[in-house]
Number of protein chains: 2
Amino acid sequence: MFDALHYLVAQFVPLSDREKSVLESAFVFKQVPRKFPLVKHGQIANELYFINKGMLRLFYENDGDEITAYLFRENLFASSYDSFLRQTPSIQSLETLEDSDLLVITQPKMNELYEVLPKFNILTRKIAEQRFINAQQILSSFLLDSPEERYAKFVEQNGDLLLRVPHHIIASYLGMTPVSMSRIRNRLAQQKR
Amino acid sequence: MFDALHYLVAQFVPLSDREKSVLESAFVFKQVPRKFPLVKHGQIANELYFINKGMLRLFYENDGDEITAYLFRENLFASSYDSFLRQTPSIQSLETLEDSDLLVITQPKMNELYEVLPKFNILTRKIAEQRFINAQQILSSFLLDSPEERYAKFVEQNGDLLLRVPHHIIASYLGMTPVSMSRIRNRLAQQKR
DNA sequence: TCCTTCCATTAACAATTGTAAAGAAATGAG
DNA sequence: CTCATTTCTTTACAATTGTTAATGGAAGGA
């Protein structure tokens, strides 16, 4: 149950067996169905999720329709970070896209871990740094690439998601409408022929 | 010379007079002219800058033309963060937009500070967190707002920069061409009448 | 001060995107 | 298995953006 978590943590900071069990005890296993709301916008996010199985989507609610901010797959930590970090009402919502197996840690448990296991500071800092670098990469794609190039890069890096995630959710993640994405798909398919 | 720096640091973590002087001694004052290159893309960024006076721009070089990634004004830390944090070749360039007064700290000096002044960890973590939240805000503007709304928000928050920074540099920061930004300015000006 | 370079706007045209609506196909819940 | 819902694509039209080029004006360096 904790294999994937330990594997990820080990990439950032090595832990002894005893430290590993301390880490494990801070998490609670939770199985949630598809379309399950984990954070609603306006609420304060007080849980951080490690995804053992399934998929989560972080999204904005913009007068009626939903705009994807990020897609989290297996073996990633997911949360409405700004809300979780600063304990402020979230401007985003977090929901499962599939039936999911999650390891859940609460904000109070996090603070306990910081005291008992100082190395945990390094882990969260590195995760935050990675999130920043990641956000910057996505941002650069909006500045440097055309919608067509942005879609092409997405397929390169996350092609499998086209079969797992509804296209209109991917389209809003790429900053375009489903109609426009369908046209781009058509254009690229014809270029290949 | 260090007033603004101390003021910013105090917002994150309180320092004693002795700690302040330790902090000061890690920085070197540097006066650089307009259009001075601080980091060239491909190089590893080994300096972090606090801006006492002037203005810096972080930008991508995309076959010939330059796309603004961020504009740094007075009283901010500036750097090609991903390169500085991970000591990898920078994909961005950093340059002054005006004659600038900078406080410079090198990567080795930073590491010394971490050891002598443990509180420094908190400071850099919070700065990194702020940068992430900031990047996410900009990204959300690309997902949620039209180019026209994006320009309007920029004017609200950074209107003074319209008089300090060439418009084509702002346009690329907003993900549009100077021509399109000029049209948007025209449209918004007519709505006011 | 003069001269060169840079800069902002405008125009015209092509290309792309958004919007609204409709239909076909796939999916999920009971 | 069946039916209602969701999802993807296509079409037609309006609106916006990108591109290229030209102009007048501002700014910077010697």
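Naming convention: chains lettered A, B, ... in sequence-line order (proteins, then strands); numbering from 1 in each chain. All figures in this text were calculated on a predicted structure; none of them were measured in a lab. Side chains included, hydrogens not; waters and symmetry mates left out as well; all remaining heavy atoms used.
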- Task: Can you sort out which residues in residues 155-167 of chain B have a heavy atom within less than 4.0 Å of DNA chain C? Ascending by number, please.
- Result: Pro166(B), His167(B)

Taking only N/O atoms, report every protein-nucleotides 12-17 of chain D pair under 3.5 Å with atom names and distance.
{"residue": "dT17(D)", "atom": "OP2", "partner": "Arg187(B)", "partner atom": "NH2", "Å": "2.7"}

Starting at atom [atom1] of [X], determine the distance to atom [atom2] of [N], rounded to an integer number of angstrom.
X: Ile169(A); N: dT6(D); atom1: CD1; atom2: P; result: 12 Å
X: Arg34(A); N: dT7(D); atom1: CZ; atom2: C1'; result: 11 Å
X: Glu98(B); N: dC6(C); atom1: CD; atom2: C1'; result: 16 Å
X: Asp145(B); N: dG18(C); atom1: CG; atom2: C1'; result: 16 Å
X: Asp99(B); N: dA27(D); atom1: CG; atom2: C1'; result: 14 Å
X: Tyr151(A); N: dT9(D); atom1: OH; atom2: P; result: 8 Å
X: Met181(A); N: dG18(C); atom1: CE; atom2: C1'; result: 16 Å
X: Ile170(B); N: dC6(C); atom1: CD1; atom2: P; result: 19 Å

Mind checking ring-ring contact (aromatic ring centres under 6.0 Å, His included) for [X] and listing every partner two or more places apart, or none if nothing turns up?
X: Tyr70(B); result: Phe72(B)
X: Phe120(B); result: Tyr114(B)
X: Tyr60(A); result: none
X: Phe142(A); result: Phe142(B)

Can you list everything that forms a side-chain hydrogen bond (donor to acceptor under 3.5 Å, both in side chains) with [X]? Sequence neighbours excluded, please.
X: Gln136(B); result: none
X: Ser180(B); result: none
X: Tyr81(A); result: none
X: Glu112(A); result: none

- Does one side chain, of Asn46(A) or Gln107(A), offer a donor that lies under 3.5 Å from an acceptor on the other? no

- Message: For a stem of at least 3 consecutive Watson-Crick or G-U pairs with distances under 3.5 Å, i pairing with j, i+1 with j-1 and so on, which stems involve DNA chain C?
- Response: C:1-30 with D:1-30

- Message: Salt bridge check, Glu95(B) against Arg57(B): does any charged N sit closer than 4.0 Å to a carboxylate O?
- Response: yes

- Selection residues 3-32 of chain B - residue pairs positive for salt bridge (charged side-chain N to carboxylate O under 4.0 Å, His left out), sequence neighbours left out: Glu19(B)-Lys119(B)

- Message: Check this one for me: any side-chain N or O of Asn186(B) less than 4.0 Å away from OP1 or OP2 of dT10(C)?
- Response: yes

